[in-house]
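Working notes, structure below.
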Amino acid sequence: QVQLVESGGGLVQAGGSLTLSCTVSGMIFSAVSIDWYRQPPGKQREIVAQISRGGGASYAASAKGRFTISRDSAKKAVNLQMNSLKHDDTAVYYCHATIPFDPTEFWGKGTLVTVSS
């Protein structure tokens with residue numbers, strides 16, 4: 001069964017760092033494209049970062065230069081390293097996965113990141 005599990009959320013002070021992980025099971029990991037989304041309190045869900053099957057990465061303007069998305073093939077996971085965190089980064093962060101030529105979308109249950117001022 002396909003499953004995405006996020007981990008690594010928690011409380012961090014503004015200016016600090018945190019690493020999130022999305023573990024993928026039930027799919028061939030090398031075939032998966034992974035996106036990180038987030039939903040701040042009272043706001044709509046928005047995309048943060050993407051990584052393709054070949055490892056190419058893209059970022060939202062708010063994340064570029066501070067966040068890094070990467071694949072860990074040994075752990076079948078995609079990580080999101082977040083640096084220089086600020087209060088506006090506070091949100092529930094979600095892992096989202098797709099495979100080529102398949103309209104099915106897979107979502108994790110989310111992990112909460114809280115950045116204190």
Side chains of residues 9-24: which donor-acceptor partners sit under 3.5 Å, not counting sequence neighbours?
from : atom 1 : to  : atom 2 : distance (Å)
S17  : OG     : N83 : OD1    : 2.9
T19  : OG1    : Q81 : OE1    : 2.3
S21  : OG     : N79 : OD1    : 3.1

Check [X] against [Y] and note the closest heavy-atom contact, atom names and distance.
X	Y	answer
I34	A97	CD1-CB, 3.5 Å
L112	A91	CD1-O, 3.6 Å
C95	E6	N-OE2, 2.8 Å

Between [X] and [Y], is any pair of side-chain heavy atoms under 4.5 Å apart?
X	Y	answer
Y94	V48	no
V113	M82	yes
R66	Y59	no
D35	Y37	yes

Q) CD of Q50 to OG of S33: how many Å apart, nearest 0.5 Å? A)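 If I round to the nearest 0.5 Å, the distance is 8.5 Å.
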
Q | Spacing of H87 atom NE2 and S116 atom OG [to the nearest 0.5 Å] | A |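 Taking NE2 in H87 and OG in S116, the distance rounds to 8.5 Å.
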
Q. Does one hydrophobic cluster hold both V2 and W36, with members joined at side-chain heavy-atom distances below 4.5 Å?
A.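 Yes: a chain of side-chain contacts under 4.5 Å links V2 to W36.
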
Q.
Tell me whether I47 shares a hydrophobic cluster with L80, the cluster being built from Ile, Leu, Val, Met, Phe, Trp, Tyr side chains joined at under 4.5 Å.
A.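 No, no single cluster joins them.
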
Side-chain donor/acceptor pairs under 3.5 Å, residues 98-107, sequence neighbours excluded:
from : atom 1 : to   : atom 2 : distance (Å)
D102 : OD1    : T104 : N      : 3.0
D102 : OD1    : T104 : OG1    : 2.9
E105 : OE1    : H96  : NE2    : 3.0

Q. Are the side chain of R71 and the backbone N or O of F29 linked by a donor-acceptor pair below 3.5 Å?
A. yes

Report, one line per pair, each donor and acceptor closer than 3.5 Å where one atom sits in a side chain of residues 38-46; sequence neighbours left out.
from : atom 1 : to  : atom 2 : distance (Å)
R38  : NE     : E46 : OE2    : 2.9
R38  : NH1    : D89 : OD1    : 2.9
R38  : NH1    : Y93 : OH     : 3.0
R38  : NH2    : E46 : OE2    : 3.3
R38  : NH2    : S62 : OG     : 3.4
Q39  : NE2    : K43 : O      : 3.2

